[in-house]
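Everything on this sheet refers to the single structure shown next.
Order of the sequence lines fixes the chain letters, A, B, ..., with proteins taken first and strands second; residue numbering starts at 1 for each chain.
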Amino acid sequence: MSDHRFDPSQADGRWQRAWEEAGTFTADSDSAKPKSYILEMFPYPSGRIHMGHVRNYTMGDVLARYQKMRGHEVLHPMGWDAFGMPAENAAMEKGVHPGEWTRANIAQMKAQLKRIGFALDWTREFATCDPEYYGHEQALFLDLYEAGLVYRKESTVNWDPVDMTVLANEQVIDGKGWRSGAEVEKRKLNQWFLKITEFADDLLEGLGSLEDWPEKVRLMQENWIGKSQGLEFSFDLSNGGKLPVYTTRPDTIFGASFCAIAADHPIAQGLGDDADVAAFIEQCKRGGTKAAEVETAEKLGYRTAITARHPFTGEALPVFIANFVLMEYGTGAVMGVPGHDSRDFEFATKYDLPIARVVASDPAQADAPFEGEAEAGDGVIVNSDFLNGMTVEAAKAAVIARAEAEGWGEGRTVWRLRDWGVSRQRYWGTPIPIIHSPDHGPVPVPRDQLPVVLPEDIDFSEPGNPLDRHPTWKHTTCPISGKPALRETDTLDTFVDSSWYFLRFASQPADKPFDPEEVAKWLPVKHYIGGVEHAILHLLYARFWTRALAHLGKIDVKEPFAALFTQGMVTHETYSRNDAARGVPVFFAPEEVRRNAEGVSLIADGEAVDVGRVIKMSKSKKNVVDPDAIIAKHGADAVRWFMLSDSPPERDLPWSDAGIEGCARFVQRLWRLFQAYDVEATGEDRALERKTHQTIAAVAADIEALGFNKAVARIYELTGATEKAAPSASRSAAIRALMHLVAPMMPHLAEEAYSAIGGGGLIADAPWPEVDPALLVDDEVTIALQHMGKLRDTVQAPKGASKEDLEALAMASANLQRSLGGAPIRKVIVVPDRLVNIVT
RNA sequence: GCGGGUGUGGCGGAAUGGUAGACGCCGGGGACUUAAAAUCCCCUGAGCUUUGCUCGUGCGGGUUCGAGUCCCGCCACCCGCACCA
């Protein structure tokens, strides 16, 4: 070793080529080794890799390289979630074809990923916009269709009345269309749905087996599926009709003071001839479809002339049309119990309806007043006839039993989970392989006509769905009658694309979506890593597809991801100035500002800028740092090391220039230490040997638990200890161990050093160092000496010393004796190898 | 609004109910150098009457010989909410 500095600008590329030429990371399905499938959520090809990707993929990369060192055959693939709205937006704004734009982005991002040196099997790469991929997806869609898991129904969308187009939730800003600024309306369209609810129970049940998923994600999915037991019953109406309602709180039925129905409920629609009712229903249509908007909107109601007869008291309850009742959930109608439901409370207060107490902390509190809000908690039932004195649970059962016995209602399980609407009125997605025949209705496209390929010649100059406007594409013939027919012009939700891509990575036959035998070899994924923002939708949909395919007998796994890890975001502080003229902040990028002793100033004019909070990197706040620039400056290993250091992986990682510079310094520091490797050195250093073996074991445990920041800290410690040690065989062994320990994290540096000492072959192919268990335990420990739990002294003791010996050592401490001050000792607590605590 | 999470020095964080602040960054002092960079060494939670003591893990209570950790009640911030991916 002669170079004084490690030069990533030439080493990075050299080793990346070496791995590629050797096929080091190409997964061999036929290998006899144990298999590990390591997967990170594949990226949307937005154009540039961002730090969030780098963090996500670095974590997966460390696991993949580590598992390989541990003798596993590793599958670590990469591909592109390539359909979606940004490509269409680019088409509208810049006049580029979505396909061209996407392909160019993929090429650019792939080159970026390669420069970071990830251990990826690029032979399995694909993009979801490849006709081959989405053709197989169409076949799977038809499989589900034929199995009765696909159907069509009306559903509400955000409608922009000016642009005459359907808007995504993110395109609705404050209830207005993002381009037109027009107030968005709710509109009904016929759309395709997947019957995810058919698997609701199984999806819920399956959560219990996912032990290596974060508890919080399982909880979120559980709440999302939202299994609830309740009562469905019908009110007799004053107009002779019936009103079926569903409630999860039948125990509070004596507290009901009104009924509320959705604006699109048949009864409400039936009253639509009345101008006031029609106007109110119109009003309810305004605003977007987002849950957060619907639920924070002011509760509005229209009191109809109809009343509902209470099944027990016979009282006539007013029936309202209300904007907070959703037709999609339950029966689209509720009984309002203001005392014990916060929405009902707000509504009753506004419309001056009675608020009765039917649950109290104890029977003596039966007439306690409410303190400005509903009480949804547990208690005993009061003011409720035959339910009085029961617990909430018992009363629920009693009401359901009574309703069933008397035949006016029955217990029912209701799910919050709704069927998955997969129709999108857009171009850049998988065409839904259905033909609408004038004689036979919707008919599947015959399998031999798949894939239904998107037309290339499209026009984005007008709003609306380009597929629908295309002059010829949708015109075809009915597969049954041969008569002219129209293609479905909706495309599939891009979540469908990401619901089975992990199966395609495991096997890529040309004639079918995947090979079940290959899938069986690799699945389930051993570690699946991605952002917590996917905790519910993507992960639930992927679990659903896997189940549905297992249900059809196509694969033999139900849960695709054995272990899930959700990593935090990469954040950065923001720099801004308030634009007085427009009253909004103007943001500056990190490279536009300079930080010095006085603070942060704009390079352009030298004047100060406001330093804002540390938040997620985003283009709109300009607080982004481009990985390419950083790699060019510091090398891939420094960036990878930064991604793993300091912050626990599940938490946010604040980017800082000082931090990356520290990492780059550490790369050089290790390089200097590696140069001190001396194969001929002799002599033992027991303490360093111990430290080395303890570190190897601890780093392995930390990596397996994804505690990368802790592994990094251990490596720093061993580095420091090794630097300080005098030359010896033990020191050379420590240096060699360090090369292997950092190999998954700083692979370029590790290869360079390994080759320089003549390690032989690639360190990427070398095994993880062995640990001598005898060296893992220390023979001396530090004992804390406490008085009343306060530290007074510490003392060294042999490991495993007896309680009596430890107590004697404690009593010999002058500091402890001074604290005791001769007070009588009431108790002595001795924790072996830890502490002695004297209680006086 | 509903669901989920997070909170420890100037900063990122560490800590099976048992020595709070490992490790890193920043900062201060020193060495080397004609000088700088690089590198190396030392210090670095606050306070005090400084052999040592007191306070200190978002806030207020509690359990315990002992609480960052367990329990109860708050506060602040972040994420998700079904057409962003």
Q) When all nucleic acid strands are considered with a 4.0 Å heavy-atom cut-off, which category describes A/Arg672: base, sugar-phosphate, or nothing? A) sugar-phosphate
Q: Could you tell me whether A/Asn709 contacts a base, only the sugar-phosphate backbone, or nothing, with contacts defined as non-hydrogen atoms closer than 4.0 Å?
A: sugar-phosphate
(Q) Please tell me if A/Asn169 has a side-chain N or O lying less than 4.0 Å from either OP1 or OP2 of B/C81. (A) no
Q | C1' gap between B/G61 and B/C11, integer Å | A | 31 Å
Q | B/U57 and B/G62, which share atom name P, separated by this distance in whole Å | A | 15 Å
(Q) For the P atoms, the ones on B/U49 and on B/U39, what distance do you get once it is rounded to whole angstrom? (A) 40 Å
Q) Taking the side chain as C-beta and beyond, is there a heavy-atom pair between A/Trp420 and A/Ser499 under 4.5 Å? A) yes
Q. Taking the side chain as C-beta and beyond, is there a heavy-atom pair between A/Asp778 and A/Glu780 under 4.5 Å?
A. no
Q. Would you say the side chains of A/Trp500 and A/Tyr133 form a donor-acceptor pair under 3.5 Å?
A. yes
Q. B/G9: syn or anti, with syn meaning chi within 90° of zero?
A. syn
Q) Base, sugar-phosphate alone, or nothing: which one does A/Thr794 contact when heavy atoms must sit under 4.0 Å apart? A) base
Q) Within the pair A/Arg651 and B/G7, is there a side-chain N or O less than 4.0 Å away from OP1 or OP2? A) yes
Q. With a 4.0 Å cut-off on heavy atoms, is A/Ser342 in touch with a base, just the backbone sugar-phosphate, or nothing at all?
A. nothing
(Q) Considering every strand and a 4.0 Å limit on heavy-atom distances, what is the contact class for A/Arg792: base, sugar-phosphate, or nothing? (A) sugar-phosphate
Q: Would you classify A/Phe666 as touching base, sugar-phosphate or nothing, given that sugar-phosphate means primed atoms plus P, OP1 and OP2, and contacts are heavy atoms under 4.0 Å?
A: nothing
(Q) Within the 4.0 Å heavy-atom criterion, would you say A/Gly226 contacts the bases, only the backbone, or no part of the nucleic acid? (A) nothing
Q: Return no unless some side-chain N or O of A/Lys790 is found under 4.0 Å from OP1 or OP2 of B/C55.
A: yes
Q: Looking at every strand, decide which applies to A/Val712 at a 4.0 Å heavy-atom threshold: base, sugar-phosphate, or nothing.
A: nothing
(Q) With rounding to the closest Å, how many angstrom separate the P atoms on B/G4 and B/C72? (A) 15 Å
(Q) Heavy atoms only, 4.0 Å cut-off, all strands: where does A/Ala658 land among base, sugar-phosphate and nothing? (A) sugar-phosphate
Q: Look at all strands and tell whether A/Ser645 reaches a base, only sugar-phosphate, or nothing, counting heavy atoms closer than 4.0 Å.
A: nothing
Q: Select base, sugar-phosphate, or nothing to describe what A/Gln425 touches, counting heavy atoms under 4.0 Å on all strands.
A: base
Q. Under 4.0 angstrom, heavy atoms only, what part of the nucleic acid is A/His538 near: base, sugar-phosphate, or nothing?
A. nothing
Q: Among A/Trp80, A/Phe42, A/Trp545, A/Tyr134, find the one that has a ring-ring contact (aromatic ring centres under 6.0 Å, His included) with A/Tyr501.
A: A/Phe42
Q: Please determine, for the side chain of A/Asp493, which listed nucleotide (B/G1, B/G80, B/C83) has the closest atom?
A: B/C83
Q. Can you tell which of B/C78, B/C81, B/G1 lies closest to the side chain of A/Met569?
A. B/C78
Q: Measure from the side-chain heavy atoms of A/Arg669 and tell me the nearest of B/U19, B/C65, B/G24.
A: B/G24
Q) Do the side-chain N and O atoms of A/Arg792 and A/Ser819 include a donor-acceptor pair separated by under 3.5 angstrom? A) yes
**Q.** Toward the 5' end of RNA chain B, by each residue's nearest nucleotide, A/Gly84 or A/Glu723
**A.** A/Glu723
Q: Quote, to the nearest angstrom, the C1' distance that separates B/A76 from B/A85.
A: 29 Å
Q: Measure across A/Gly568 and A/Arg55 and return the closest heavy-atom pair with its distance rounded to 0.1 Å.
A: O-NH1, 3.0 Å
Q.
Base, sugar-phosphate or nothing for A/Asn223? Non-hydrogen atoms, less than 4.0 Å.
A. sugar-phosphate
**Q.** Student check: side-chain heavy atoms of A/Arg424 and A/Val166 closer than 4.5 Å
**A.** no
Q.
For a quick test of reading the model: is some side-chain N or O of A/Thr782 closer than 4.0 Å to OP1 or OP2 of B/U19?
A. no
Q) Which whole number of Å gives the distance between the C1' atom of B/G29 and that of B/G73? A) 48 Å
Q: Decide yes or no, distance alone: a donor-acceptor N/O pair under 3.5 angstrom between the base of B/C83 and the side-chain of A/Gln191.
A: yes
Q. In whole angstrom, what separates A/Leu540's CG from B/G80's P?
A. 17 Å
Q) Of the nucleotides B/C81, B/G52, B/A85, which has the atom closest to the A/Ala291 side chain? A) B/C81
Q. Should A/Arg418 be listed as having a side-chain N or O under 4.0 Å from OP1 or OP2 of B/A82?
A. no
(Q) What's the closest nucleotide to the side chain of A/Pro648 if the choices are B/A14, B/C84, B/C25? (A) B/A14
Q: Measure the distance from CG on A/Leu167 to P on B/A82 and round it to the nearest whole Å.
A: 14 Å
**Q.** Distance, P atom - from B/G60 to B/U69, rounded to whole angstrom
**A.** 13 Å
Q) If the C1' atom of B/U6 is compared with that of B/C53, how far apart are they to the nearest Å? A) 35 Å
Q) Do the side-chain N and O atoms of A/Asp160 and A/Ser180 include a donor-acceptor pair separated by under 3.5 angstrom? A) yes
Q) Which part of the nucleic acid does A/Ser656 contact within heavy-atom distance under 4.0 Å: base, sugar-phosphate only, or nothing? A) nothing
Q) Want to settle it: does A/Asn837 or A/Phe42 sit nearer the 5' end of RNA chain B, counting the closest nucleotide to each? A) A/Asn837
**Q.** Per A/Lys290 side chain, nearest of listed nucleotides B/A22, B/A82, B/C83
**A.** B/A82
